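Chain identifiers are assigned alphabetically (A, B, ...) following the order of the sequence lines, protein sequences preceding nucleic acid strands; residue numbering begins at 1 within each chain. Here the structure is a predicted model, which is why all the values come from computation and not from measurement.
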Protein chains: 2
Amino acid sequence: MDAAQIEQVRRFNRTVTERVGVLHDHFLGGDRPIGAARLLWEIGEEGQDVRRLRERLGLDSGYVSRLLRSLEAEGLVTVEPQPRDRRVRTVRLTGAGRAERAVLDGRSDELAGSLLEPLNTAQRARLVEAMAQVDRLLTAATVTLEAVDPGHPHAEHCLRSYFSELRERFESGFDPVRSLLPDAGELRAPHGLFMVARLHGEPVGCAGLKLPAGAPAEIKRMWVAPEARGLGLGRRFLAELEARAAQHGRDVLRLDTNRALSAAIGLYHSCGFEEVAAFNDEPYAHHWFEKRIEGPAPA
Amino acid sequence: MDAAQIEQVRRFNRTVTERVGVLHDHFLGGDRPIGAARLLWEIGEEGQDVRRLRERLGLDSGYVSRLLRSLEAEGLVTVEPQPRDRRVRTVRLTGAGRAERAVLDGRSDELAGSLLEPLNTAQRARLVEAMAQVDRLLTAATVTLEAVDPGHPHAEHCLRSYFSELRERFESGFDPVRSLLPDAGELRAPHGLFMVARLHGEPVGCAGLKLPAGAPAEIKRMWVAPEARGLGLGRRFLAELEARAAQHGRDVLRLDTNRALSAAIGLYHSCGFEEVAAFNDEPYAHHWFEKRIEGPAPA
DNA sequence: TCCATTCTCTGACTCTAGTCAGAGAATCCC
DNA sequence: GGGATTCTCTGACTAGAGTCAGAGAATGGA
C-alpha cells in the first residue's frame, strides 16, 4: 500500500464526502430529521420488526422507540405486536408512509441525477462505470472473515446453502451421506477450523480447513453466496486458509472438487494449485489439487 | 440519463456514505467535535483569516468564533488582529496545534488504509484507479458555468491569467494592444456575453461570445486554468456557447486561434468545427474555424 | 410455577451543531 | 468629522442525535 495510493484515496474521500455525503443527508432529510428519514426508508414495503430496525441502523432502543412514536404521530407508520411473540413489535408503513417513502425515493434519484447532470454522455458513462467499480470493491473490503464454531447458526446457514447448491449443480445430485464429510469435530480446534464471511452482519460465505496430525491441510466446504460473487471472496478465503495452515506448520494444502464447479477450478489454478492424482476416494470428486505453501512470515 | 445509471449512482452513494462518510467523521473527529477538527484542518500551516475560514466552511460567524475560543483554550491556536486591518483577525496554529493537526493527518491516512487493507494488490490498484476517475468526474460535475459581466473580478482574474499564458506560449509573445481585442462592451448584452467557470467558488476558466448583428457568433478568450484541465471544461464551454448562440438565432459559430494552442485546436476539431479561410486579420491567429449550429430545441 | 431473559418503552440527560440578534471596535467613504 | 459598513464576538436560543437507567409486559426454561 504505497503513499500515492493513500493520497488518492484521501482525495476521493474528501471529494465524495463533500459532494455526495453532505448532499445525501440534505436531500434525504428534507424537512424531517434524517434519523426519521432513514428509519422510514429501512422499514421497507414489507414492514420490519423493531428489533431488526435497531440492529440495521445501529441505534439505541430508546431512540428508535422515540422516532417511531413521532412517525406514528404523523400517521406514517403503525406499530403492532407480533402475533407469535408479543414482546416483539412490527412496524408497517401506512398509505401515507408509503407515499412519503416514495418522496424520499424520488429525492434520492434527484441527487443521483444532479451528480450526472452537468456531464456529457461520455463522461456520464465513465463516471457510472467507475462508481460501479468503487462500489464493488468497497463492498468487497467490507466483508469480514471470522473463524467460528461449525455449529454457529451462520455456519449452519452457509452449509445448508452449500449443500443445496451442490444438489442442484452436480450432474449426479448430491447426498451428504454418500460423501466423505468431515464431521463437525474435524473442523473445530485442534483438528481444524471453520470460517464464515459476513457482509453487514449477514453470512455470505464459508470455508473449512482440516488439519489432520502429520498430514497435509485440506480445504473443505468452501462456498460463496451468489449475491457476494465477484468480490474476490474465494481468493480471499484461499489466502486466509493458506496462512492459517502455514501457522499450524503445514507445508502442503490440498482439496478435491467436482467438475461441475468450473469457476472454482479456475480459481484454484489461478491461485497456484496444481492438479494431482486422487488422494482420497470422495465419490463426488473429479479433480484433486495441491499447493506447496510457505511458512508464516518470520516475526 | 437512463434509469440503470441512476440506479448505479444510488448504489454508489449508499455504499460510499456508509463506508466512507460515517467513518470519515468518526476518524477525523476522534474525541473532539468534528466542527473543531475541520477548523483545525482548514487553518493550515500558514494560518488563515477568520473571515476566510468562515467562508470556506460555510459556517455562522458566531459559531466559528465559539469554536476558535475553544481551540484557543486548549492552546492549539492563537488569534490576533491583522496589522493592516485590525477588524480582521488571523488564526495561527501553535506548536501544539500543529501536532494535533498531524494527528488528524495520520487518522486520515489510517482511514484510507483501512479501506484498502482487506484487498489484494490487484484489487487495490483497481480501486484506486476507479476512485481517481470518480474523483475527477465528480469534480468536473461540481464546476459551474455562469454568465457574468466582463468587469466582474472573477472575469478579470481569468483574463489576466489568459493573457499572461498567451504571452508565454505564443512564439511571438503576446501584446493585447496589437490583437483584435473585443472591448468589454462587445462581450456584454446585447452585443455578446461572457462566462466564467467556478470550482468551489474560485474562478477556473472563462469564455466570451460575440454576437454581432447580422453576422456569425464568435468565440473569444476561452481559457481554462491549469488546475482545472482534464475535466472536459473546454468542451463544456463550447457546448454552452453553441447553445447560447443558437438561442440568439445564430446558425454559425466561429473562432480563430494560434498554432501554439494545439490542445485547443484538437478540441475544436473534435467538437465539430471545421477549418476555414481567414475571416479576419487577427495578427496572432493561424487557424480559423467554423461550425454550423442547430437552432434551439423546440419547446 | 417462578426466575431469568428478552423486548420495548419512558423519562431524564448530554453534546453537537447551528441560528439569531445585537454590541463594540475598526475602517471606509463622503 | 461623522455616518455607514465591515468584522468579530457574546449571549440566548433551538433542534437533532443519541445515551443511560430503569419499568413493565411477554416469554422461555428449569
Side-chain angles (χ1 to χ4, degrees), chain A residues 17-18 21-43 47-74 77-92 153, chain B residues 17-18 21-43 47-74 77-92 153:
Chain A
T17 48
E18 261 181 38
V22 178
L23 284 180
H24 183 259
D25 290 357
H26 187 261
F27 265 73
L28 195 60
D31 43 357
R32 178 181 332 281
I34 69 150
R38 282 208 298 159
L39 206 54
L40 207 49
W41 187 259
E42 281 293 334
I43 291 166
Q48 277 288 338
D49 292 351
V50 171
R51 175 177 37 169
R52 264 190 83 73
L53 278 178
R54 220 171 35 223
E55 220 168 73
R56 288 268 282 256
L57 296 169
L59 298 176
D60 175 85
S61 67
Y63 186 34
V64 168
S65 176
R66 220 174 305 281
L67 289 173
L68 286 176
R69 227 46 56 228
S70 86
L71 291 177
E72 213 175 12
E74 291 185 76
V77 305
T78 57
V79 182
E80 293 177 345
Q82 238 190 28
R84 335 194 57 171
D85 180 344
R86 299 175 44 77
R87 289 170 305 181
V88 181
R89 308 190 68 187
T90 302
V91 194
R92 249 175 267 282
Chain B
T17 48
E18 262 181 38
V22 178
L23 284 180
H24 183 260
D25 290 356
H26 186 261
F27 266 73
L28 195 61
D31 42 357
R32 180 183 328 284
I34 68 147
R38 283 208 298 158
L39 205 54
L40 207 50
W41 187 259
E42 281 294 334
I43 290 167
Q48 277 287 339
D49 293 351
V50 171
R51 175 177 37 170
R52 262 190 86 72
L53 277 178
R54 220 172 35 224
E55 221 166 72
R56 289 267 282 256
L57 296 169
L59 299 176
D60 175 85
S61 68
Y63 187 34
V64 168
S65 176
R66 220 175 304 281
L67 288 173
L68 285 176
R69 225 47 56 225
S70 85
L71 291 178
E72 214 175 10
E74 290 185 76
V77 304
T78 58
V79 183
E80 293 178 344
Q82 239 190 28
R84 334 197 55 172
D85 180 343
R86 300 176 43 77
R87 288 170 306 182
V88 181
R89 307 191 68 189
T90 302
V91 193
R92 248 176 268 281

* Structure fact -> Of B/Gly35 and A/Val50, the one whose closest nucleotide on DNA chain C sits nearer the 5' end is A/Val50
* Taking the side chain of A/Tyr63 as its heavy atoms from C-beta onward, which of D/dA17, C/dT27, D/dC7 lies nearest to it? -> D/dA17
* Asked: B/Leu67 has an atom CG; how far is it from atom P of C/dT16, in whole Å?
  -> 11 Å
* Which nucleotide in the set C/dC7, D/dT8, D/dC9 lies at the smallest distance from any side-chain heavy atom of A/Arg51? -> C/dC7
* **Residue B/Arg69 excluded, over 12 heavy atoms near CZ under 6.0 Å** => yes
* Value in whole Å for how far the C1' atom of C/dA17 lies from CG of B/Leu57 -> 13 Å
* **Whole angstrom value for the distance that separates C1' of D/dT6 from CZ of B/Arg89** => 15 Å
* Specify the separation, in whole Å, of atom CZ of B/Arg86 and atom C1' of D/dC9. => 15 Å
* To do: Mind calculating the distance between CG (A/Leu39) and P (D/dG16) to the nearest angstrom?
  => 15 Å
* Residue pair B/Val91 / B/Thr78, side-chain heavy-atom distance below 4.5 Å -> no
* Is any N or O donor-acceptor pair between the side chain of A/Arg32 and the base of D/dG16 shorter than 3.5 Å? -> no
* Structure fact -> Rounded to the nearest 0.5 Å, the OG atom of B/Ser61 sits from the CD atom of B/Glu55 at a distance of 12.5 Å
* To do: Nearest-nucleotide wise, let me know which of B/Gly58 and A/Thr90 is further upstream toward the 5' end of DNA chain C.
  => A/Thr90
* Counting distance only, does the side-chain N/O of B/Asp49 pair as donor-acceptor with the main-chain N or O of B/Arg52 below 3.5 Å? -> no
* Structure fact -> Regarding the side chain of B/Arg66, the nearest nucleotide among D/dG11, D/dA26, C/dA26 is D/dG11
* Asked: Quick one: the side chain of B/Arg87 and the base of D/dT8, do they pair up donor-acceptor inside 3.5 Å?
  -> no
* **Out of C/dT27, D/dT8, D/dT27, whichever nucleotide has its closest atom nearest the side chain of B/Asp85** => C/dT27
* Just how far, in rounded Å, is P of D/dG16 from CG of A/Leu59? -> 16 Å
* Asked: Which nucleotide sits closest to the side chain of B/Asp60: C/dC20, C/dT10, D/dC9?
  -> C/dC20
* Asked: How do B/Asp49 and A/Pro33 order along DNA chain D: which one's closest nucleotide is nearer the 5' end?
  -> B/Asp49
* **Candidates A/Leu67, A/Leu39, A/Leu59 - the one meeting side-chain contact (heavy atoms from CB on, under 4.5 Å) with A/Leu53** => A/Leu39
* Structure fact -> Whole-Å distance, B/Glu72 CD to D/dT8 P, equals 14 Å
* Under 3.5 Å, is there an N or O donor on one side and an acceptor on the other linking the side chain of B/Ser61 and the base of D/dC9? -> yes
* Verify the contact: side-chain N or O of A/Arg54 to OP1 or OP2 of C/dC7, cut-off strictly under 4.0 Å; return yes or no. => no
* How many Å lie between CD1 on B/Ile34 and C1' on D/dG16, as a whole number? -> 14 Å
